[in-house]
Amino acid sequence: MKSEPDVFGLAHLQQRPHGTAPWDGVRNYQARNFLRAMQVGDRVLFYHSSCEVPGVAGIAEIVGEARPDESQFDKKSEFYDAGAKRDNPRWSLVDVKFIAEFPKFVPLPTLREQPALKNMRLLSPGNRLSVMPVTPAEFKTISKLGGLK
DNA sequence: GCCAACGTTGGC
DNA sequence: GCCAACGTTGGC
């Protein structure tokens, strides 16, 4: 899952009560579908985007499966969607919990150097999805680079 | 259903 | 700030 560290980084998640926050504001259908496929207990790589050094900062976990994202109905929200209907919500969110910050931040160029990650979706050209799947092997590789087992 | 225009994301 | 790669919108 991607987020801009200046807006909501891994440190922000850690500081929340119980290290938990709703992952709202996803407004892309593909990303939404990946959110809806998530299950409680799924581990998440927390990626920092649009910043000085983009890369993976650490690990989070899904603690609440997909439910309607209330901000789609909130006219004052930047995520308001006039097309979303109460009886058939268009956008979902999941609840995410902080697990660990990597002892070693894993910068994007390092990810690109790894042969084991050459097929990773995150690294494919033009990738703009803020939520995307990761294989167990990719997860393991990146965790090791980050200094965790 | 096609496609141009436009907006957004995100690395650099 | 630039630009490539999308996704979305709307005219036709």
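Note on naming: letters A, B, ... go to the chains in the order of the sequence lines (proteins, then strands), and numbering restarts at 1 for each one. No experiment lies behind these values; they were computed from the predicted model shown.
Counting only distance, with no hydrogens or angles, the side chain of D42(A) and the backbone of I62(A) share no donor-acceptor pair below 3.5 Å.
For the helix from dG1(B)-dC12(C) to dC12(B)-dG1(C), the axis fitted to the five pairs at one end and the axis fitted to the five pairs at the other end meet at an angle of 10° (nearest 10 degrees).
For R16(A) and F98(A), the positive end is not near the middle of the six-membered ring at less than 6.0 Å and at most 45° from its axis.
Within 6.0 Å of CD in E101(A) there are 12 or fewer heavy atoms belonging to other residues, nucleotides or ligands.
When each of L10(A), L145(A), I59(A) is checked for a side chain to side chain contact (heavy atoms under 4.5 Å, CB included) with F102(A), only I59(A) meets the rule. Shown are L13(A), V63(A), V44(A); of these, the side chain to side chain contact (heavy atoms under 4.5 Å, CB included) with K97(A) is made only by V63(A).
Side-chain rings of W91(A) and F73(A) stay apart, their centers remaining 6.0 Å or farther from each other.
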Identify each atom pair where a protein N or O and an N or O of nucleotides 6-12 of chain B are less than 3.5 Å apart, giving names and distance.
{"residue": "dG7(B)", "atom": "N2", "partner": "R128(A)", "partner atom": "NH2", "Å": "3.4"}
{"residue": "dT8(B)", "atom": "O2", "partner": "R128(A)", "partner atom": "NH2", "Å": "3.4"}
{"residue": "dG10(B)", "atom": "OP1", "partner": "K2(A)", "partner atom": "NZ", "Å": "2.9"}
{"residue": "dG10(B)", "atom": "OP1", "partner": "R128(A)", "partner atom": "O", "Å": "3.2"}
{"residue": "dG11(B)", "atom": "OP1", "partner": "Y47(A)", "partner atom": "OH", "Å": "2.6"}
{"residue": "dG11(B)", "atom": "OP2", "partner": "S50(A)", "partner atom": "N", "Å": "2.9"}

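Hydrophobic clustering of Ile, Leu, Val, Met, Phe, Trp and Tyr side chains at less than 4.5 Å, counting indirect connections, keeps F79(A) apart from L93(A).
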